[in-house]
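Working notes, beginning with the structure itself.
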Amino acid sequence: MVDPMTTQVDALIHGFRVDAHGRVIELDWEAMQHLQIDKPGQWCWVHLNRRSADAEHWLRTVAEVDSQVLAALLQDDTRPRIVRHEHGYLLNLRGVNLNPGADPEDMISLRLWATGRFVISTRATRILAAEDVRDMLRGGTAVHSSGALIAAISRQLVTRMSSVIAELDDRVDELEEQLLQTSSASSRSSISSFRRMVLTLRRYMAPQREALAGFLRESEDFLVGDDRHSLRDTQDALVRLLEDLDMIRERALLLQEQLVEDRAEAMNDRLFVLSVISAVFLPLGFFTGLFGVNVGGMPGINSPFAFTLLCLGMLGFAVLVIWLFRRLKWI
């Protein structure tokens, strides 16, 4: 339900009434208080801010929606879905968040209640796809029915998504080029955050595909002719975007795996160098320990050249070990 502290928020974002001849009349809040759609061929689109208590009051008293529809239009957390309810359809859709300073993966929910004469949509955050359709109506573009409006909104939601997917595709190219140049910790962090973004987008886009498919199946009496074809094309476009998103996700996963392999290879190279050093100096350590034994009978105790000969002998032994390793192709 709506927080009483949000009563100052404007309830009406925009509203339109379309008559049987396709003429569009934009509605203000005062006209909304006496709104009646009683002439054949007329229909109305009301777009509300669900955070406003006035919007809830209007839905209860003027639109007279039942409790199930009211809860669906005002609830906080939703996932894309389609529910047929009595003489209308409850449709939850998601759009990418293209508002300034926002992250696109923080997708915005658009809730719709659609009947033959009414389309009521609610949102909490500005959604540009709805404004695109608003501008179409203001510009005189013909939207002849509430079903056509649903098709137009769905199309604009997917169109807005396509630009984001294209940017993600460019971004994964940049990450791949960056990885070829360096495998720093910043690269690892960039790839991880990028994968989280892609997974978040897919989390909501995949159910939206099912919601549109369900709407097409259940709305034979609501979507007709070109409206049905338009929504089917929108669904196909969404499927292609999901396939592109899956490809981007796979590429990001391969980049992350490549990064892990590069780190493992670098670690193995370092361990190999340490192993070679250990293999060379281990026997030398044995000789120095042996000749450092402080007991009688050690050779060269009384010779002034013994230390020099010992050093030359150990140097020759080290060269022999390195030659043997190269001969065996171990280094």
Side-chain angles (χ1 to χ4, degrees), residues 101-106 164-206 241-331:
D103 295 324
E105 68 272 19
D106 295 334
V164 174
I165 302 302
E167 291 177 4
L168 290 178
D169 195 36
D170 294 338
R171 176 81 181 281
V172 77
D173 289 337
E174 294 175 2
L175 288 173
E176 189 171 11
E177 184 177 354
Q178 181 181 355
L179 182 60
L180 291 175
Q181 296 175 353
T182 177
S183 58
S184 62
S186 61
S187 299
R188 297 193 296 273
S189 177
S190 297
I191 294 175
S192 297
S193 61
F194 180 79
R195 286 194 64 211
R196 285 194 296 270
M197 180 191 305
V198 172
L199 291 173
T200 303
L201 278 172
R202 197 184 188 286
R203 176 189 174 193
Y204 290 107
M205 287 176 62
L241 289 181
L242 280 168
E243 291 173 351
D244 292 342
L245 199 60
D246 286 338
M247 181 63 68
I248 292 171
R249 182 182 62 173
E250 292 299 324
R251 289 181 62 189
L253 180 60
L254 288 175
L255 286 178
Q256 194 168 39
E257 291 177 350
Q258 181 64 42
L259 188 60
V260 171
E261 290 177 3
D262 289 346
R263 291 185 64 196
E265 185 176 353
M267 182 64 69
N268 289 336
D269 290 342
R270 295 185 182 97
L271 291 175
F272 178 74
V273 171
L274 291 175
S275 299
V276 171
I277 293 174
S278 299
V280 171
F281 281 93
L282 183 62
L284 298 182
F286 168 76
F287 288 128
T288 57
L290 179 64
F291 281 90
V293 175
N294 192 17
V295 295
M298 290 297 298
I301 292 178
N302 298 318
S303 173
F305 304 105
F307 179 73
T308 302
L309 293 174
L310 178 63
C311 291
L312 291 175
M314 289 192 297
L315 178 62
F317 182 81
V319 172
L320 177 64
V321 171
I322 294 174
W323 174 83
L324 180 61
F325 284 176
R326 292 183 64 86
R327 178 84 179 212
L328 295 174
K329 297 182 179 181
W330 290 0
I331 58 173

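Numbers here are sequence positions counted from 1.
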Q: Could you give me the CA-CA distance, side-chain angles and deciding distance for R251 and L175, then say whether side chain to side chain contact (heavy atoms under 4.5 Å, CB included) is met?
A: CA-CA 10 Å; R251 289 181 62 189; L175 288 173; over 6 Å; no
Q.
For a side chain to side chain contact (heavy atoms under 4.5 Å, CB included) check, start with the C-alpha distance between L201 and L168, then their side-chain angles and the critical distance, and finish with the verdict.
A. CA-CA 11 Å; L201 278 172; L168 290 178; 3.4 Å; yes
(Q) Looking at every non-hydrogen atom in both residues, tell me the closest pair between L259 and I191 and how far apart they are. (A) CD2-CD1, 4.3 Å
Q: Calculate, to the nearest 0.5 Å, the distance between atoms CZ and CD belonging to F272 and E265 respectively.
A: 13.0 Å
Q: Measure across L284 and M314 and return the closest heavy-atom pair with its distance rounded to 0.1 Å.
A: CD2-O, 3.4 Å
Q: State the CD-CG distance between E261 and N268, to the nearest 0.5 angstrom.
A: 11.5 Å
**Q.** Interatomic spacing from CG in L199 to CE in M197 - rounded to 0.5 Å
**A.** 11.0 Å
Q: I would like to know whether E176 and V172 meet side chain to side chain contact (heavy atoms under 4.5 Å, CB included); could you show each step before the answer?
A: CA-CA 6 Å; E176 189 171 11; V172 77; 5.9 Å; no
Q: Could you grab the distance from atom CD1 of I248 to atom CZ of F194, nearest 0.5 Å is fine?
A: 5.5 Å
Q | Distance, nearest 0.5 Å, that separates CG of L253 from CD of Q258 | A | 12.0 Å
Q) Can you tell me how far CZ of R202 sits from CG of L241, rounded to the nearest 0.5 angstrom? A) 12.0 Å
